[in-house]
Amino acid sequence: MKKSIVLFLITAIIILIIPYYGYSAPSQQKKVIMCILDNINYEDLTTYGQDNIKYILENGALGLMNTNSGGSNTAANAYATIGAGSYAVNSSYGNYAGEYNDLFYNEPINRVYKRNTGNEMKQGNIANIDILGLIRQNEKLNRPVKIGLLGSLLNEHGYKTALIGNESTSPDDITRNASLITMGSDGITNFGKVDQSLLMKDFMSPFGIKTNYDALYQAYKDVEEKADFIVIQTGDTYRLNKYMYISDERHKESKINIFKDVDEFLGEIIKDIDSDTLLMLVTPFPSGDDIAIGKKLTPVIVLNESIPKGVLTSATTKRDGIITNTDLTAHIVDYFGITKSPFMIGHKLISKNMDKPLEYLAKINEITAFNYKIRSTVVKAYIGCIIAILLMFLIFITYFKEHLHYIKPLLIAVLITPTVLLVLPILNPWNTTKLALSLIVSTLTLSLIITYFLKDNLRIFIVTCLTSTGIILLDTFLKNPLMKVSILGYDPIVGARFYGIGNEYMGFLLGTAIVGTAALIDRYRNNQNTIKILSIATYVVILLTLMAPTFGTNVGGSMAAFVGFGAATILNLKGKITKKDLIILACFLIIGLFVLFIYDGMRPSQLQSHVGQTSSLIKHNSFMALFQIFWRKLSTNYRLIKYSTWTWALFATMATLGILFKWPVGILKEIFRKHNYLYFGFISGIIGTLAALAFNDSGVVAAAMFMIPITIPLIMMCIDEEIASQKNSSQKQA
């Protein structure tokens, strides 16, 4: 009997204890505090920051953050993106929020919120008055976006959110960008204080007001025990950025005063936190001055034992020191032990050990800003040269045939320029003068050397094209040390791609591989079977590289490669392509893509490329997600065709080829009669170009780069054929 009673008591105690610890322990232990210092950079932090900011810099994990969104480059869109964990946009009044009795056009927020949503807000809540407008606005995007997803996920798992502080520039201003981070899908933040009582008058501060940091700290203490995710809007740096009527000297004085106050406030916060609190110092949007000079990546510092000091990275970027704003969302969710939603596109933060992280980030920022500012000029100059040289060729072949040989070095320069731009970062050309001189001298020197030593066109094509192919592949296998900083590489500010092979070099890689191998087979016909096997092996390596998630899967590039290389293989082996061949090619393409989607979708989320993320989206959001992706690609291509300079390059190369097919009469026919494998390469290249145009969201760029190693060799062959024809005519006359 006694044993039964003892057993009963033990069982009862276990039953009572397990639910208690199982439910409440996570909520009590885990806490995230995001302190917002808007419109600043690392130079501000190191120049004006005092003891507490220096402590965070020395002990935290530091990163530069891409602040892109689903729309135009605005602060509100960037805030909405963090709250959604995916590229989102703001609505007309989407960043307007307040407490129960705060006023919106002299009407209490609680009434406005109820009128708009039909729901009641509670005393102590912060309500966004245009949550329905936000939802509708984001439904128009060509991607599935769940506005307020971060707040909703936290609430669903028993965690509470809080927002304190504001960025008001006047007593009537209820702009609360940070509410877009803390609110749920209903527009409600659980706790907070954002009213004018957190401000104080100070006629020497921007707009005559400043944050009352004593009141802000008291507001923090009021929510500290209630909330698990707390966002603190310090506000003063935002107001300074907005205030335009100030001298440089006064701007500096104001910044000194602001950072002194912020530093003291952060010191109080640091004293309160323990090892279970994740402190994030975040700049959601850059200052106007930084935007003007191309420095659009902003500081993020994370302080916690779970993420040791160093530089931040993530599976999104795979770039040491660079993260995206969507990674913040993913990391917060992961920190609380919540499974990431498939609608969140970011990944948790990782810290990499780095000596002198501030110097490292400063160098990244310098290179990134330089490339961002100069890229458009370099691309336009290159495309302008292409068009000018093509026009020069057409003029010379019409009126100055005897001088056609002078065009060849210029054509070779056009052909090798993308490769020169890829390797140019070795020279550290991070100022305009050095870049221009390095590019011009390197390109012209190499062009003249190639012209002088490789007089035979096929040898020129083999050396230039296959060297380019090899360099791009080698750079990719080494994790893209050159492409990451090349002018024609991908831009972490634009953020379309952070690693792998970008569309510019993808198109160029496919074109050089097809033309280079075609020239190789034509040049060494005695060993053509061996070379054909080596060519197919090269195609397979390139295709697998483009498909491999490890190298940042380029789906559109993989499809273009499969079509272009497939056509080249069939033509090289059979000499023609039948309808049956096309059907088989299409079937293998579909099967390959299906396997890729399944394979990448089954991998852990932190290892997935965007292919795996798309698989997850389809799983949770039906095939509508796939249609949205197709529509987004079409929209992007349409926009690029209308506005991109690359359209002119694509048009110029295709127009030149069109002219050559008609005139001079029979010249291409004669070239292809002598060089049938080069003809196969030309046909395969055209097919691949059309595939690159159709299957990529920036297909115009890929197609234009694809056409360069196709068009230039054909023009050079035309020049030699015309020169040979003139010599024959002269000999006959003699």
Side-chain angles (χ1 to χ4, degrees), residues 36 38-41 64-97 128-149 167 169 173 175-181 183 237-238 241-242 244 282-298 316 323-329 345-346 368-369 372-373 375-376 490-498 628-629 631-645 697-698 700-701:
I36 291 176
D38 228 336
N39 313 123
I40 64 155
N41 55 41
L64 289 164
M65 182 173 71
N66 175 288
T67 61
N68 283 354
S69 66
S72 56
N73 195 33
T74 67
N77 285 349
Y79 277 86
T81 294
I82 297 173
S86 182
Y87 295 128
V89 295
N90 186 38
S91 60
S92 299
Y93 296 98
N95 55 344
Y96 283 18
N128 187 297
I129 65 169
D130 195 29
I131 182 61
L132 296 179
L134 282 164
I135 292 171
R136 291 185 188 118
Q137 200 68 24
N138 283 276
E139 284 175 347
K140 297 176 184 177
L141 299 176
N142 295 322
R143 61 175 62 86
V145 176
K146 302 290 183 183
I147 201 76
L149 181 56
E167 62 265 53
T169 57
D173 182 10
T175 300
R176 307 286 183 262
N177 285 323
S179 69
L180 294 163
I181 298 176
M183 70 181 189
T237 52
Y238 177 91
N241 182 62
K242 286 286 183 181
M244 308 302 295
V282 178
T283 302
F285 200 70
S287 68
D289 290 340
D290 282 339
I291 290 172
I293 59 175
K295 291 188 174 181
K296 294 187 176 184
L297 301 177
T298 62
T316 307
I323 64 169
T324 70
N325 44 15
T326 60
D327 293 330
L328 296 182
T329 322
I345 62 174
T368 300
Y372 178 78
K373 291 285 286 183
R375 178 186 176 94
S376 177
Y490 27 76
D491 187 344
I493 292 175
V494 174
R497 175 175 283 272
F498 294 94
Q628 287 176 323
I629 291 170
W631 182 251
R632 187 166 72 245
K633 287 179 180 290
L634 287 173
S635 300
T636 305
N637 257 335
Y638 174 70
R639 188 170 64 252
L640 284 172
I641 288 170
K642 285 184 67 177
Y643 303 114
S644 174
T645 318
D697 50 5
S698 53
V700 173
V701 177

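Numbers here simply count residues along the sequence, with the first being 1.
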request  = Report the C-alpha distance between Thr74 and Asn90 in whole Å, list the side-chain angles of each, state the deciding distance to 0.1 Å, and finish with yes or no for side-chain contact (heavy atoms from CB on, under 4.5 Å).
outcome  = CA-CA 9 Å; Thr74 67; Asn90 186 38; 5.6 Å; no

request  = Search all heavy atoms of Phe498 against all heavy atoms of Tyr490 and return the closest pair with its distance.
outcome  = O-CE1, 3.2 Å

query = Do the non-hydrogen side-chain atoms of Leu180 and Asn128 ever get within less than 4.5 Å of each other?
reply = yes

key: From CD1 (Ile40) to OH (Tyr238), nearest 0.5 Å   = 15.5 Å

remark   = CD of Glu139 to CG of Leu141, rounded to nearest 0.5 Å, is 9.5 Å

Point-to-point distance, once rounded to the nearest 0.5 Å, from OG1 of Thr283 to CD1 of Ile36 = 9.0 Å

request  = For Thr175 and Tyr96, run side-chain contact (heavy atoms from CB on, under 4.5 Å): C-alpha distance rounded to whole Å, both residues' side-chain angles, the deciding distance at 0.1 Å, then the answer.
outcome  = CA-CA 5 Å; Thr175 300; Tyr96 283 18; 3.8 Å; yes

ask   = Any donor and acceptor pair, going by atom type alone, linking the side chain of Asn95 with main-chain N or O of Ser179 inside 3.5 Å?
value = no

side-chain contact (heavy atoms from CB on, under 4.5 Å) evaluation trace for Ile147 with Ile131 = CA-CA 8 Å; Ile147 201 76; Ile131 182 61; 4.1 Å; yes

request  = Could you check if a side-chain atom of Asn41 sits within less than 4.5 angstrom of a side-chain atom of Pro286, using non-hydrogen atoms only?
outcome  = no

task = Give a yes or no on whether the backbone of Asn68 and the side-chain of Asn325 come within a donor-acceptor separation of less than 3.5 Å.
result = yes

request  = Begin from the C-alpha positions of Met65 and Leu328 and carry the test side-chain contact (heavy atoms from CB on, under 4.5 Å) through to its verdict.
outcome  = CA-CA 9 Å; Met65 182 173 71; Leu328 296 182; 3.5 Å; yes

query = Hey, are the side chains of Leu64 and Thr368 touching, using non-hydrogen atoms and a 4.5 Å cut-off?
reply = no

query = Quick one: side chain to side chain contact (heavy atoms under 4.5 Å, CB included) partners of Ser91, sequence neighbours excluded?
reply = Asp130, Leu134, Gln137

In residues 81-89, what donor-acceptor pairs under 3.5 Å come from side-chain atoms, sequence neighbours left out?
from, atom 1, to, atom 2, distance (Å)
Thr81, OG1, Asn77, O, 2.9
Thr81, OG1, Ala88, N, 3.1
Thr81, OG1, Ala88, O, 3.4

task = Measure the shortest side-chain to side-chain distance between Leu297 and Tyr372 over non-hydrogen atoms and say whether it is less than 4.5 angstrom.
result = no

inquiry  = As an exercise, state the distance from CG of Asn66 to OG1 of Thr298, rounded to the nearest 0.5 Å.
reply    = 8.5 Å

request  = Please list, chain by chain and in numerical order, all residues satisfying side chain to side chain contact (heavy atoms under 4.5 Å, CB included) with Ser644, sequence neighbours excluded.
outcome  = Leu640, Trp646, Thr647

inquiry  = So, using side chain to side chain donor-acceptor pair (under 3.5 Å) as the criterion, who are the partners of Thr326 when residues are at least two apart?
reply    = Thr324

request  = State the CD1-NZ distance between Ile135 and Lys146, to the nearest 0.5 angstrom.
outcome  = 9.0 Å

task = With sequence neighbours left out, write down each residue that passes side chain to side chain contact (heavy atoms under 4.5 Å, CB included) with Asn73, or none if nothing qualifies.
result = Phe285, Ile291, Lys296

query = Does Ile293 have any side chain to side chain contact (heavy atoms under 4.5 Å, CB included) partners at least two apart in sequence or in another chain, and if so, which?
reply = Asp290, Lys295

Validation row: Glu167, Asp173 side chains within 4.5 angstrom (heavy atoms) = no

query = Which value, rounded to the nearest 0.5 Å, describes the distance between Met183 atom CE and Leu149 atom CG?
reply = 11.0 Å

